[in-house]
Each structure stands twice: as C-alpha cells, then as structure tokens.
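Report on the following structure.
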Amino acid sequence: MSKYVDEYRDVDTCLDLSSRIKEVSTRPLTIMEVCGGHTMAIRKNGIQKLVGDNIRLLSGPGCPVCVTSISDIDRVVCLAGEENVTVCTFGDMLYVPGSSMSLAGAKAEGADVRTVYSVHDALEFARSEPEKNFVFVSIGFETTTPTAAAAVLEAKATGVKNFTVLALNKTMPQALRAVLESDDSEIDALIGPGHVSTITGTGMYRFIVDELGVSCCVSGFEPVDLLGAILKLTEMHENNEKGLVNAYPRVVKEEGNEKAKYIMTEVFEPADVEWRGFGIVPSSGSKISEEYSEFDAEKIYKIEVPETKENPACICGDILRGVKRPVDCALFNEGCTPVDPQGACMVSSEGTCAAWFKYGE
Amino acid sequence: MKRITIAHGSGGRVTHDLVKDVFYSCFDNDILRKAEDSAVLDIPQDRVAFTTDSFVVKPAFFPGGDIGKLAVCGTVNDLAVSGAVPRYITCGFIIEEGLPLKDLKKIVKSMGEWAEKAGVKIVAGDTKVVEKGEADGIFINTSGVGVFEKDIELGVEKIAPGDKILLSGTIGDHGIAVLSRRKGLDFETSMRSDCAPLNDMLQDVLSSVTGVKFMRDPTRGGLATTLNEITEDGTSGILINEKDIPVAEEVEGACQLLGLDPLCIANEGKAIVIVAPPDEDEALAAMRRSEYGKDAALIGKVTGDNTGKVLLETALGVTRIVDMMTAENLPRIC
C-alpha cells in the first residue's frame, strides 16, 4: 500500500511544487481546508512552511468530533446514564468535555461506554448481548453517514431489536455556506475535503464557486496532493479566476458514490442541526427518517438536558469558523492541552488545536 | 482439569501440582529447585540493577510472541539498557478463573524458553487465581536483577550536544502486530511483534565502544515518547531525520490505514543508544551484528539549541515538533 502512495510523497515533486507556488504567488491568499485529515496532513508535513509568506492556511469545521455541540455531548452523557443502555462511539468522543462531565467521566462512574471502530462493531455487540440496549452515537460527515445507514438497514433486515442510532451526523454544504457568508470571513479559496467528496462527488461544490465566488480544489491527503491543490488555487487567485477543480481524480468522481448516496437518503433525511461555533444551521445535518424510527435513539429515549455550560475562554467556535487560530486562544497550552482538554478542538486527533499542539505552529 | 479454577490458587494440593507440573518443569534451575520461600542469590558485586514490570497485553497471544515472552524480554531489556547483564528474574501470575490450562502451559513454556535464550534464571514466583471477571485472562509481573560486568555508569545527565542517536531497527512492529489481533480491529497483516531480548546486543555495543552515554528501550508511547523523556529536563534538544528512521512497509501501510503515527507506536525489541562521536560507527556495527539489530540506523543527534524539544526534519526538509503520545492511539474517524 505504501508503494501506491509513494509517488504522492515524492520529495523532489514536493520541492518542485513548493518553489512553483512561491514563484506564482505575489499577493495575500487565505485558503481554508475543511477536513480533519487535511488539518493533520498539513501540519504533519509542514506544508505551511513550503508555500511562502503570502499564503495563509486555515482550518475550518472539518473535524466531526469538534463540530459536535456541547448540548449533544450532554445528551450523550445523559444517555450513557440510562439504565441498561450501552453507548458505543468513536474514541475521541469520550474525552470531549460536556457541561458537567465527558463520556469518559460517565464511564469512570460506571456507565457502559464502549469505543468502536465502526458502527458494525456496535451492531455485533447488540447481536451478542441481546439483554442490553445498544446506542451507536453516530457522528461524521457524508463519509461515515452511509455506514450508519447500512447498519440500520442490516439491523432491520435481520431483526435486531436492541440497537438504535443517535444521529449527530452533519453535511458539509450548508456549513461551508455559513463559513463563507459570515461577515468576518477572509477566505479566498477552499481545499475541498477528499473523503467527503468521494461520496458526494465534486458537483456539490459548484454553488461555492457560482454563488459565493470562492474557488475550490478537492485534494487528497499526501503532500504532493496538497501542494498541487494549493498551486492550482494560487494560480487561479493570481489570474483573478474562480473555479472548481478536482485534484483528487484517482479517488473522487464528479457524481460521487451513487450507491452510498442512495442508502444515505433511504435511511436519513435532512435536518436543522446545531454546530459548535455556528449555532443551528438549516439543513446541515441528518436525522433518521420516519420509516426507520424504531432505530432512532432520539425517539426511543426521551433525553432532556439542562442548559449547557462551557469554559467562557474557549474559542473553539471561532477556530472552527476559521476566524481565529489556536495560538489566539488564551487557553492554548495554558490550561488546555491534549491531556487536559478544555475544548473539542484539543481533544480530537483531527482537531485544529490538537494538530497545532502536536506538530507545532 | 482443562481450565484454571479457584482451586489452583488455593495454596493446597491443586496449587502444589500446578506449580510442580507447569512452572518447575519449564523454569527448572538449581535455585528454583530448592523451593525455599526466598531465592538466595550469590551476587559478589555491591552494585546491581533491579527492576519490575507488569504485563497485561491483550490479546495474550499475538503474531511474534505472547505475554510470557513479553514478560521475560521486557524485564531483561529494562536491565540491559542500564548497562547491566540480566541474571535473575521472578514472576507473579494473576490468573482469571477459566483460563484454559493449555494457554497457561504455552505461556509458561514460552517464558522458560526465552529466559534460557536471554541467559537469565527464573528463581522465584507466585500464582494467584481470581474469580471470573475480576481479571482478564492472565496478568504477569516480572522483576529482575542484573549485574555490572564492566565499570559503566549510563545516565541521561551524561548526554551532551553533538552526541549521536542510534536506533536498533524498525519502529512500530509490536504495536501494529498486537492491534491487528485486537477485537473489533482485525486486519490482515503479516507484521510480527519485534519482542526480543536485547541484552547480548547491548553488551556487545558496550564492549565495542566507551562512548555510550545512555540507552533506553522505546516501548509504550513509542520512539516519540522516549525521546521526549530524554529532553524533558530541558538541558538539551534532539533533532531526528524522518528519512533515516526505519519503518517496515507493513507498519507504514497499517498506520496510513488507521491514521496512526509510527513514532507513537509501541516497540518491544528496540533500543535507542546515545553515543559520543566518533564512536557511532562502531556502535552501529556492533548493533548490526545482532539478529535483533540488523536494521540499526543513525537517526539523529543531541542539540544544544531547542532545548527541551524533540524536532523532526521531514523528508521535505521542514522541521516540526515531535510530541509525546498523549492518549491511546485511535484510528481516524473521518
């Protein structure tokens, strides 16, 4: 497998792209990426240092753990406290601070909380322990939503009765609109999320160029991919052009993955959901449709949580909107570290603050 | 009886038989055979190395090893990196009721074999059985004593700018081999754990050169954590080069798939040796003479600037921080 990506890590190609970007770039350009995988790849490979001083790279709302609202974290913690309920979710979700405690805190107090690597692990737990009720807390964008949908379809087809999904899934287009239309946005161009685009296709970004006047280049995750995408965006910026480019054609197609999109729309329907840092964004999330309501944890468990509380100094929201950087936060490395995180962006392995902390500025 | 029961830990006849049939037959040596309450050791030196470690690996059997081999090699290596020659080991077993007897026999046999290969005697032990659900299969604690055959004192405080950092081989092999067999994360890999006793290799290094300053085995937390521990006192920095750090193709591939960083993945048969120039070439040659050090490499140096930090020069020539691993390694979710 590493042989397959070797050409996308080739040092000479990267250095060549780096010098071409610096040659082409004559004026300031702010580029945002909206995928946690890109955030980590950019910092890990030191891409900012390879693109020159004119270009500023910002991270947007691309980390699914980070964009989960505090009230949703509180609801999950509350659900974990229910009698005979086992909460299954991805590892990073455990450590996000809620108003009173994190899911890890609930686990330490005796709640049955299990880390899974895929929704199918949760379904397997439900099958092998029929006396317990399993709730899969589903986070993620268009990349992971189809797998949750597939699990619901499988549970229905095979008659699994003790398995439900708490859908906290989000969809990218409306959040991008919220970021780019906000008054304090300084974003000139977007690096389109590679994984999300595999499912959705590149067509969904057309409105970003046509309506919002921002160029978008869909990129892969290796240094050659990212530098190539940045070069493309820089060239367009310098020529005063706006455009949509697919620089990840080995994986991403214009139409996306039709089968995945079909099962996603079969089980889920659009919903107005809350994002950390954005508030409620219309049609920016997924909820389980009426036909599959027997698998909707929202319907099965009546979860009510008191008003949320968060550390007032935490600026995760502004960071997710690309308005501020981790180093602008008074808490960064001063009371907020991966060991003792105050906000979601420091918790997740794909969070912007965690990436800055791990790899340096 | 096919499984371990509470009776095996009762201290009565069943315990006695288990100890005799399983443990004594695999660990046999003159000191153990005396079956005293304490092993009496004849150590002429007034300076010895002494260490302890507990092993709870899950699953207990993994490609390239098992918890028994790990328990012996882990303690042997902790002694070896201090410059000592490991001599004696004790072991304590905490066994969950229901453990298949054949699993215990396999683990104990493995301990006996690896103790022999490492040249250490297992001289004392203890077995406790706890009720089902009170432990997870088997936990092992080993303690060990080593002696100094040469007049050497290693220590992190001896490290100085300009010293070279040697690594005995590929990183992340153990972590990836174990992860590949963990429930819920089964994936196909032919990666085997690097679990191995490093005492002979390290003694060979110490016999070949006089410039060794410090040695450590980067186990949990990986190379990144161990290097950060070295710079922790803030008197020096470390600069390593990404292109010089050996990583097996399979580990690289699995890390890409799971969103992990090989620098943070556990090793059980690797050592970092910090050595003053010009001894690095000879020390490296000594490491490479061992079957456990054939991929040894010079990966970086100790620096007088960037004190307290570990920096990595990436293949692209960019320098970035290498931080300690902070939480359990988790795969990517997006």
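Worth saying up front: this structure is predicted, and the values here are computed from it rather than measured. Values below: all heavy atoms of this structure, side chains included; hydrogens, waters and symmetry mates excluded. In the text below, chain A, chain B and the rest are named by the order of the sequence lines, each starting its count at 1.
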Using a 6.0 Å cut-off, check whether atom [atom1] of [X] has over 12 heavy atoms from anything other than its own residue.
X        : atom1 : answer
B:Asp305 : CG    : yes
A:Lys107 : NZ    : no
A:Arg127 : CZ    : yes
B:Glu157 : CD    : yes
A:Lys132 : NZ    : yes

To the nearest 0.5 Å, tell me how far B:Thr314 OG1 sits from A:Leu50 CG.
->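 Those atoms lie 7.0 Å apart.
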Kindly compute the distance separating CG (B:Leu316) from CG (A:Leu227), expressed to the nearest 0.5 Å.
->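 One finds 7.0 Å between CG of B:Leu316 and CG of A:Leu227.
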Indicate yes or no: does A:Lys44 engage B:Glu242 in a salt bridge with an N to O separation below 4.0 Å.
->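 No salt bridge links A:Lys44 with B:Glu242.
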Is there a donor-acceptor pair closer than 3.5 Å between any side-chain N or O of A:Lys49 and the backbone N or O of B:Thr319?
->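 Flag set: sc A:Lys49 to bb B:Thr319 pair under 3.5 Å.
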Nearest heavy-atom pair of B:Asp261 and A:Lys358: which atoms, and what distance?
->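 Scanning both residues completely, I find the closest heavy atoms to be OD2-NZ, 3.8 Å.
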